[in-house]
Structures are given as C-alpha cells and as structure tokens.
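Counting starts at 1 for both ligands and their atoms, following the listed order. On a predicted model such as this, the values are computed, not experimentally measured, just so you know. Note that the numbering runs from 1 along the sequence shown for the chain. The basis for the numbers below is simple: all heavy atoms, side chains too, and nothing from hydrogens, waters or symmetry mates.
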Amino acid sequence: MIQVKGIRDLREILKAARTTATRIGLVPTMGCLHAGHLSLIAAARRRSDFVVVSIFVNPMQFGPGEDYDRYPRTPAEDISVCRNAGVDLLFNPEPTGLYASDHSASVEETVLSRGLCGKHRPGHFRGVTTIVAKLFNLVAPDIAVFGQKDAQQLAVVRRMVRDLNFPVRIIGAPTVREHDGLALSSRNKLLDPESRRNAPLIHQSLKEAAGKYRRGQRDPKLLCREIISRIEEQSSLRVEYAAAVDNDTLDPVCRLRANVRLMLAVRAGAVRLIDNELLA
Ligand code: AMP
C-alpha cells in the first residue's frame, strides 16, 4: 500500500496508476475505521482495480461547538486496517493540508441539504460537498462509495454529481451494524456505558415502525411519534428529529408507501447518532 499526505505526491502516484489501472475507486472517510468502512472498501474493490481511501477529518463540515476536536482519531490503526483490506493508496493529508488559510470557494447543494441534518447542522452539507468535490478533483475516481447510513449525505452527493457533471459513478453501500443493531459509527466510541446500552433502541424503533408499515400503518406522523416515544420513554436518549421522507427527493411524505425512508437523529448527551430505514 502506498501512503501519501501531499497533493503533489497524490497526483503523481495516480498518474502512474492510471497507466495500468482501468478503473479507480475512491472511499472517502474521516478515519477511526470500522467494519462499515471496510464494507465500502470491499465494494470499491469489486468495482475497480485501484482503490484509494482518503482519511481526513474535514473541519469545514463541523459547526462551531460541534465535536471536531473530540472526533475520535486512530491514525496508526487506520493505516494497518487499510493495508490489511488491500487498499492500494491511502491519502491522509495533514489536518490543515487541504485548505488554503484564506480559502473562499465552496460547493453547495441547496435543496436536499436543507432539511433533516442540514436544518440541525447549518453549513454541514456545504462542508461535505466541498470536500467531496475537492477529493473528486484530486483523485478523479471512476467510482466512489458512500454508506447508506448517511442517507442524506448520499442523496446530496448524488445530486452534486448529477448537477455538476462529475464523471464518477456513486455507489451506495448498506449499513453495517453491531450484533444488537446499532449502526457502526466512529462516534459510538464516545458513548457513555448507559447510552451505549440504550443506543440499540434507535434501530429497534425503526424496525418496529417498518413492521407497522408492513401491517398497514400509512400515517407518517403517527409512526414518527411512536418512534420518538419508544426511544424517549425508555432511555435518556433524545430524538432530534424523526421524519418520513421520499428516498430520492427527501421531501416529507403525507402517506407512507414504498421508497419512503424513515430518518432519525438522536442525541445521547453530547454524542449525535443517526440511522434510517427504507420502507419496501
Ligand atoms: P465517516 O468516516 O463516518 O465520515 O464515514 C465514511 C463513509 O463510511 C461514509 O460514506 C459513511 O456513510 C460510511 N459509513 C459510516 N458508517 C457506516 C456503517 N455503519 N455502514 C456502512 N457505511 C458506513
């Protein structure tokens, strides 16, 4: 595995790689790698012959007072995880390495980014689309893999790619979970023991809601209210939002149907966790 931190080195290695590789795959991450990231790397591996993983805790997607400083970082472990996973090129720039100190250009998606996490984290998706656009410009991948756990992020990135004509195919990969259903997340490490015990309620409440839909429930407001009370009555977790949205437009729906995604954001003290479930 080749490891590079600088943009010039990255471009040189990729130029050489392109003489033999027919398809380059990119997996953008913020590190503290877990089995969810590994599934994305495996998905990239299946569809490309040169796999690039980026590890960069992107300051631009964290708001003031959010957990940029506390965000878990495990750089040494991440390198061996990538090596064992058969990654060809690891790009892990320095924290300040990707933005000029006076950077003033950004990429913004203005519709899908507005609600849900975008409403609670103003500027977050502008940070995401800017770093993803930068990585696409730097790596010029043929495919890029993103997790469905971050369903709004995936939809926003797809829209950016469509609207700005990036020549890259976006692959959405299924959510990888702990045995108790909790979606793997780098932030799970930050949970205190009680919150960790309660955190499976997030997925449980979504699965129960999907079951009610299958048995005929069609009222999104009722279903979301039930998700909230299931979580809040049985734990100290607090629901930031529970919403039923169209899977493509992310618009709230008046009636539940197939291709609606239940979206959930929960606070466990200072830790924010998200999850979602697609109704089929
Ligand atoms: P992060 O490092 O948290 O920014 O995530 C990097 C990529 O991994 C994103 O595309 C996430 O959606 C994806 N990801 C994070 N957690 C999971 C998971 N549990 N299962 C599948 N993909 C995930």
At what distance is the nearest protein heavy atom to atom 13 (C) of ligand 1, and which residue and atom is it?
Leu40 CD2, 3.6 Å
I'd like to check which ligand 1 atoms, numbered from 1 as shown, lie under 4.0 Å from a non-hydrogen atom of Thr29.
2 (O), 6 (C)
Minimum-distance protein heavy atom relative to atom 10 (O) of ligand 1:
Gly147 N, 2.9 Å
Provide the number and element of each atom of ligand 1 under 4.0 Å from a heavy atom of Leu184.
16 (N), 17 (C), 18 (C), 19 (N)
Before you tell me yes or no, could you show the steps for Asp246 and Arg257 under salt bridge (Lys or Arg N to Asp or Glu O under 4.0 Å), namely the whole-Å CA-CA distance, both residues' side-chain angles and the distance that decides it to 0.1 Å?
CA-CA 9 Å; Asp246 179 272; Arg257 50 169 168 76; 3.0 Å; yes
Evaluating non-hydrogen atoms only, which member of Gln61, Met30, Arg177, Gln148 is closest to atom 4 (O) of ligand 1?
Met30
With a 4.5 Å limit on heavy-atom distance, are the side chains of Ser113 and Arg159 in contact?
no
Would you kindly specify which portion of His37 sits under 4.0 Å from ligand 1, judged on non-hydrogen atoms: side chain, backbone, both or neither?
side chain
Close side-chain approach of Leu191 to Leu273, heavy-atom, < 4.5 Å
yes
I need the contact type for Leu154 against ligand 1. Using non-hydrogen atoms and a strict under-4.0 Å cut-off, is it side chain, backbone, both or neither?
neither
Not counting sequence neighbours, which residues clear side chain to side chain donor-acceptor pair (under 3.5 Å) with Gln234? List them please.
Arg230
Determine whether the side chain, the backbone, both or neither of Phe56 has a heavy atom under 4.0 Å from any heavy atom of ligand 1.
neither
Tell me the protein heavy atom at minimum distance from atom 20 (N) of ligand 1, and give that distance in Å.
Val176 N, 2.9 Å
Can you list the atoms of ligand 1 that are under 4.0 Å from a heavy atom of Phe146?
10 (O)
Side chains of Val27 and Arg45: does their closest heavy-atom pair fall under 4.5 Å?
no
Which residue from Glu178, Lys149, Arg187, Gln153 reaches closest to atom 15 (C) of ligand 1 through any of its heavy atoms?
Lys149
Could Asp275 and Lys207 be called an ion pair, given the rule that one side-chain N must be under 4.0 Å from one carboxylate O?
no
Atom 3 (O) of ligand 1 - nearest protein heavy atom and its distance
Tyr71 OH, 3.7 Å
Do Tyr99 and Asn58 have a side chain donor and acceptor closer than 3.5 Å?
yes
Using a 4.0 Å heavy-atom threshold (strictly under), name the region of Ala173 that reaches ligand 1: side chain, backbone, both or neither.
neither
Can you find a pair of side-chain heavy atoms, one from Arg218 and one from Tyr213, that are under 4.5 Å apart?
yes
Return the closest protein heavy atom for atom 11 (C) of ligand 1 as residue, atom name and distance.
Asp150 OD2, 3.1 Å
Candidate list Arg272, His124, Arg121, test side chain to side chain donor-acceptor pair (under 3.5 Å), partner Glu66, passing option:
Arg121
Can Pro174 be said to touch ligand 1, with heavy atoms closer than 4.0 Å?
yes
If you measure from each non-hydrogen atom of Pro28 to ligand 1, which part falls under 4.0 Å: side chain, backbone, both or neither?
backbone
Please work out, at 4.0 Å between heavy atoms, whether the side chain, the backbone, both, or neither of His34 comes within that distance of ligand 1.
side chain
Are any of the side-chain heavy atoms of Asp163 and Glu109 separated by less than 4.5 Å?
no
Can Phe136 be reached from Phe91 by stepping across I, L, V, M, F, W or Y side chains whose heavy atoms are under 4.5 Å apart?
yes
